Amino acid sequence: MNVLELKDFRAYYGSKRVINNLNMAIKKNKITAIIGPSGCGKSTLLMSLNTMLEEAEGRTEGQILFNGKDVHSISKEEVRRRIGIVFQKPTPFPFSIYKNLTYAPIYYGVKDKKRLDGIVVEKLKISGLYEEVKDEIHGSALKLSGGQQQRLCIARALTVEPDVLLLDEPCSALDVKNTANIEKMLMNLVQDYTIVIVTHNLSQAKRISDYTAFMLDGELIEYDETHRIFTSPQDNRTKEYIEGIYG
Amino acid sequence: MNVLELKDFRAYYGSKRVINNLNMAIKKNKITAIIGPSGCGKSTLLMSLNTMLEEAEGRTEGQILFNGKDVHSISKEEVRRRIGIVFQKPTPFPFSIYKNLTYAPIYYGVKDKKRLDGIVVEKLKISGLYEEVKDEIHGSALKLSGGQQQRLCIARALTVEPDVLLLDEPCSALDVKNTANIEKMLMNLVQDYTIVIVTHNLSQAKRISDYTAFMLDGELIEYDETHRIFTSPQDNRTKEYIEGIYG
Amino acid sequence: ADVQTNSNKENETNNEFKAEMTFNGSSTLAPVITAIATEFIEENTTWDKVDSSFPDKYISIYVSAGGSGAGVKAVIEGTADFGMLAREVKSEELEKIGDAKVYKLGVDALTISINPENPLAQLRDNLTTEEVKKIFAGEYKYWDELDSSLPHREIVVVIRDLSGGAHEVFQKSVMGDTQIRPDAIQSPSMGALVTKIIENKDAIGYASYGMVNQNKGKLMPLKVDGVEPTEQTIVDGSYKISRPLIVVKRGELTAPQKAFMDVVMSEKGAEVIEEMGFVPVK
Amino acid sequence: MMKRIKSVMFALWICLSFILTIASGSFVILYIFIKGFKSVDLEFLLSNPGGIPIGTEGGVFPAIIGSILLMLIAIVFASILAIATAVYIVFYCRSQRLENIADAIIQCMAGVPSIVLGLFGYSVMVVTFNMGRSLLSAGLTLGLMIFPFIQVRVEKAFQEFSRSAINASYSLGVSKVYTIFKLVLPQCRRDIVSSITLAGGFAMGAAAPIMLTGAVIFAPVPKSLSSPVMALPLHLYILANEGISMEKAYATALVLIALLIIINIFAMTLTLWRKEVKR
Amino acid sequence: MKTAFDKVSVFLVKVLTLFSLLLLSFIIIFIFKEGYTFFKEVPILKFITGTTWNPTGDPKKLSIFNIILGTLYVSIVAIVIALPIGIGCALLLSGYVKERPRLIIRGFIDIIAGIPSVIFGFIGLMVLVKFFEKAFGFASGESVLAGGILLAIMVLPYIISTCDETMDKLYRAYSPVAQAMGISKIYILRTIVLPQSLRGIAAAAVLAFGRAMGETMAVMMVIGNAPIMPKLLGKCQTIPSLIALEMGMAEVGSLHYHALFAAGFVLMAILLILNIALYYVKRSLDR
Ligand SMILES: Nc1ncnc2c1ncn2[C@@H]1O[C@H](COP(=O)(O)OP(=O)(O)OP(=O)(O)O)[C@@H](O)[C@H]1O
Ligand SMILES: Nc1ncnc2c1ncn2[C@@H]1O[C@H](COP(=O)(O)OP(=O)(O)OP(=O)(O)O)[C@@H](O)[C@H]1O
Ligand SMILES: [Mg+2]
Ligand SMILES: [Mg+2]
Ligand SMILES: O=P([O-])([O-])[O-]
């Protein structure tokens, strides 16, 4: 089933077009990886999906369907709540871990202390952080390591119970161990969520994703099951990129 | 012949030692690659070689010989002129391309307009930029793409006719095409210059370097001809690193 | 002590012609000197027009105001050639100046003035010294304390700040040892004081006689102990709160200074003084 | 519900604050413009003040020139010292301690009220150094007043200048002085010019420091550095405070504000331009 | 390769820096010294706790308690008015105004910051003071409140600029992540930006307070300059206006003259204490 669908999609910054006529459907409960060289429009695409592009002074044309409905027919808040996004640089709020995770639930009206506690523990467990931080849940989130911060941000994105989780190079600032942790976590999450991940680490895409999309210069060159993209790409440019100079 | 030689070399930031008892000799007209995990001291080593470490508030002990002479017996300016360095992030001066390339020659007393023009054209050609920018040589260098900027920086480093060119991850911010361009350029340059390149892209080291040094935690673990490092590393840590998690 | 090496002493020794002179002091007198000076400059432009033995340098006369106290101070410290005062020069001041020359240009009085719209104006035109004293000392805080038929409104007392000559004159001739109420509004110049009375119906203050004449109808000067401040009563001394308008100078006048002071002291000077509402010395 | 109320109150607060800010600022400017507009003409700008008492008639020409001259002296004096100090602190000072001391002194100086500087200027320059009340004494006093303003801003501009570009220059073997003159100063020029202009406007509008050090009720356009001068802010103060002529006071205020707005807009376009270029 | 030009330039920079720093130190020491001379004759405690100021009386009474209170009072009124407005305005600017209009608004705010104090005083005199007399029937409109309102308008730009700097950074850092969870701008401003900018706000308040306390001309024209115990609707005197009014007459070297320097010195000391307090507040917030 398709959770998100893009039809004739174009994105602009001012008058500069950075995504051109893109058609693509994202499958439910799968991990979709988006790869492509720097500047090809991956982040722009991701941000368009939950209407965050507007905040970056961008503009879109064409259709984005979310569960079959045009996202512009749904309120911005609703779209963003149901399609979470995590950016490359981990940005926990300058609060305690606890407050980071209750921030959005409180906004959405959860008041009961027990329920809030429950959410915090649950999301920390999902993100594999619980054991590591359980004793300092009220300590500042800024004191966590980069990898822990990133996992916290993912946990935080989950506190609003989204259907889809978009990740923009979530591991590029992290070391091997943290990256492995996050990959493990994503592979668990995919049972309940739909995940779209932008990565420039091809082996990561290969390891964790079910589908892979290759973009070049604002166009979707190829989109298929991951193993096919990596073993028998149809387009020459995909092939070149994958065998590319980067190992 | 050894252009640079390090003897019992140590480097510090404040009281923190980041390079420990390093001995190593760099061969003339060869490309030497330095590899190693993040934070192992590669950039520090490179900056020590042309005394730029001082500007980053670092401090060295032990000897660095340049053509057999201790670098501290030569004036700082002279050392830096003869050992050029290019950093990871391209930093063109906020001038025109032309002024970027004449900045240093003018300082060294070249006044003749013709000679300056000559230098500009020559260095642009060496760096393979000439065809791309010849019509906008007086336009701002900041308008170039990342890869072009990096090549411009290399060209600028060459305008003072150094003997050695140090490069600190020159391609890490660039895409495939630009990387290929720069690699081609380096392979041409090595006929006239000695090149030391820090890279975290192992295949790049493999492709272009004659010698490879592997560092870990401030120590030189292994240093040998590139093909030997990559095919039959002597040290287990080297082997692990090369086969490492990242593809 | 170094301070005392003032500009005109130097002047005498090196005997160079000085085309500039500076006045500082009383805000009452400053407009008078400024008026005379601008006219003097306009007429002559260069010194050789004043006296053919002078060089043809441009005439420059600078006037600044900071109150009578500032005038004395400037002469003592040598930062101005002339000090302007709207009060007597005290003997200790004369001592500090040393070789002081004093020129009296005219007389001014401090009239006890109120806003013409003040109900008091309809009621009476006279206050006794005692009443004035009580008003300024703050014993009467509301107008109805002065006269019960007046409205119960606060009396707004306006005075000059300490550096003004008026302050000292008033203290001496009316208040004696009694202190003026400390919450009186201190105006930094006579102009400001008068403006305040013109604009505030409940205000009372010691407006300069000259200022009253310049603002006829906008201020109402009261009689004090039955004596109305007029040219007559001021000159003959029957109006008590009067003060001299004085210019002081250390040492002899230089030739150009003399030339200017001659004009100030002349009939023409007197005319300007009169025009500004003061009483010139005859 | 509570959330809604809180949000609405919050929104109300920030909107109101914004409106009040803009309104109060515009009021001051517009009030002066409207009240002063009809009395300002070419004649007012180009003639000497006149009338008895002085200022009731005529114009403010000597005061305009006086103010501009005062400003020029202040900015020349202050900016040479301030830029040199900033260069030293950013590029040459190797001791953190010295840097802290310099910082403390400059901060302390920035906190000295302008009137106290006037007092200082009077007792040291006018009296002790026998410079008299003059254009020079007053200009230098104003210079002292704006020194910290310029220094802090220029130092910030230097500090924000790309460290990597400076290192790139050093690594070409180029000397520090050449780097500063050819790379840093030209690139910070706009920041420097804009802080100098703003400081100039600041100096031009200040009345307190010049009251004792050089401004007088009336003076023609000064002929030398040792002449006393007229200045717009003090002229305005005298006209308004002594009730000499409100009409002329508004006109003088208008001239002063207009000059300052011109200066500000000049500085602003420089900054805007710079932002544009940086992109 | 060091040229002669290099050497001369370095030398000049050093000499000029040395000169500037010495000059500034000299000024600060001079003010301190002139004040100190006074404190040798009148104990500092008496100077700041006594209530009568009468430099021409006999004996002279030189104590400035009321005047210190007046200075603080006017400034506090100004801050109390300006701070909430400034913070609100800065919040709006950082959350709702795009880059370009923002530059223009900040330019406008810079212009307000640049309006000379005399012009504010003039407007205060013509508008505020009269307004108080007419609208509220005050005996005289000169008052702490008039001075406070005037100063509030004058320090508002400083508060806005300082707050905006901090708030803008916070907003840029956290609004994308928060908005990505569907949270509204208002809520972000209220729950993240405002509470996290406390340090910036404290700095702004101290900066503005310093400005307000040092302001001369505008204040002098609207507070009535009476050295009495200040009341909100009553007259008062501030240290700068005291100095401005009396420095003209106080002979260099006289007790009165030294007393004025001493008053200036007290003002600087208050500022210094405030800044030190700010430093510690900031440090404790860092923890
Ligand atoms: N705010 C912006 N305004 C204008 N142009 C932008 C903006 N952000 C990105 N662009 C341009 O849009 C294009 C696509 O950018 P995008 O960030 O989507 O690339 P990306 O594939 O995510 O690259 P990377 O791998 O480097 O993150 C680029 O050419 C970029 O220069
Ligand atoms: N200016 C500095 N002050 C203090 N420590 C520093 C400084 N620069 C680097 N270090 C430390 O020195 C060590 C070596 O740093 P260096 O930059 O040489 O590593 P590197 O091998 O170049 O890493 P990377 O691959 O990430 O560039 C690191 O532990 C780093 O934290
Ligand atoms: Mg991206
Ligand atoms: Mg490095
Ligand atoms: O004329 P005075 O300013 O001294 O009152």
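All values reported here derive from a predicted model rather than from experimental measurement. Letters go in sequence order (proteins before strands), and every chain restarts at 1.
Within a 6.0 Å radius of NZ in D:K156, no more than 12 heavy atoms belonging to other residues, nucleotides or ligands are found. Surrounding NZ of D:K182 are at most 12 heavy atoms belonging to other residues, nucleotides or ligands under 6.0 Å away.
What you find for D:W13 and E:P84 is that their closest heavy atoms are NE1-O, 3.1 Å. Counting all heavy atoms, side chain and backbone alike, E:M268 lies closest to D:C108 at CE-SG, 4.5 Å. The minimum heavy-atom distance between D:S7 and E:R190, with the atom names listed, is OG-NH2, 4.2 Å. Considering every non-hydrogen atom in both D:L260 and E:P116, the closest pair reads CD1-CD, 3.2 Å. Listed here is the closest heavy atom pair of D:A84 and E:V13: O-CG1, 3.7 Å. Shown here for E:L267 and D:P113, the closest heavy-atom pair between the two residues is CD2-CG, 3.1 Å.
With a 4.5 Å cut-off on non-hydrogen atoms, D:F202 touches chain E through its side chain but not through its backbone. For chain D, the nearby part of E:I31 is the side chain; its heavy atoms alone come within less than 4.5 Å. With a 4.5 angstrom heavy-atom cutoff, D:I180 does not touch chain E via any of its atoms. Residue contact with chain D, scored on non-hydrogen atoms closer than 4.5 Å, involves the side chain of E:Y96 exclusively.
A heavy-atom distance below 4.5 Å is found between the side chains of D:L212 and E:M247. Put simply, the side chain of E:F122 does not reach to within 4.5 Å of the side chain of D:L239, judged on heavy atoms. Taking the side chain as every heavy atom from C-beta outward, E:L92 and D:C15 approach each other to under 4.5 Å.
D:L144 CG to E:L23 CG: the interatomic distance, rounded to the nearest 0.5 Å, is 5.5 Å. D:Q107 CD to E:L271 CG: the interatomic distance, rounded to the nearest 0.5 Å, is 11.0 Å. The CD1 atom of D:I257 lies 9.5 Å from the CD1 atom of E:I111; values are rounded to the nearest 0.5 Å. Atom CD1 of E:I119 and atom CD1 of D:I29 lie 9.5 Å apart (nearest 0.5 Å). Rounding to the nearest 0.5 Å gives a distance of 6.5 Å between CD1 of D:I115 and CD1 of E:I243. Taking CE from D:M211 and OG1 from E:T216, the interatomic distance works out to 7.5 Å, rounded to the nearest 0.5 Å.
Here E:I27 is the residue among E:L156, E:I27, E:I105 with the most heavy-atom pairs under 4.5 Å with chain D. When E:D110, E:L125, E:V15, E:V127 are compared by the number of non-hydrogen pairs under 4.5 Å with chain D, E:V127 comes out ahead. Note: E:I123 leads E:I123, E:L260, E:L12, E:I87 in heavy-atom pairs under 4.5 Å with chain D. With respect to chain D, the highest number of heavy-atom pairs below 4.5 Å among E:S184, E:G214, E:G264 belongs to E:G214. Ranked by heavy-atom pairs shorter than 4.5 Å toward chain E, the options D:T252, D:V116, D:V124, D:T21 are led by D:T21. Chain D forms more heavy-atom pairs under 4.5 Å with one residue of E:L24, E:L16, E:I112 than with any other, namely E:L24.
Within the 6.0 Å centre-distance limit, the rings of D:F181 and E:F5 are counted as a close aromatic pair. Between D:F120 and E:F261, the ring centre distance reaches or exceeds 6.0 Å.
Residues E:T17 and D:Y92 have side chains that never bring a donor and an acceptor to within less than 3.5 angstrom of each other.
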* **Full working for side chain to side chain contact (heavy atoms under 4.5 Å, CB included) between D:F18 and E:L91** => CA-CA 9 Å; D:F18 180 73; E:L91 281 169; over 6 Å; no

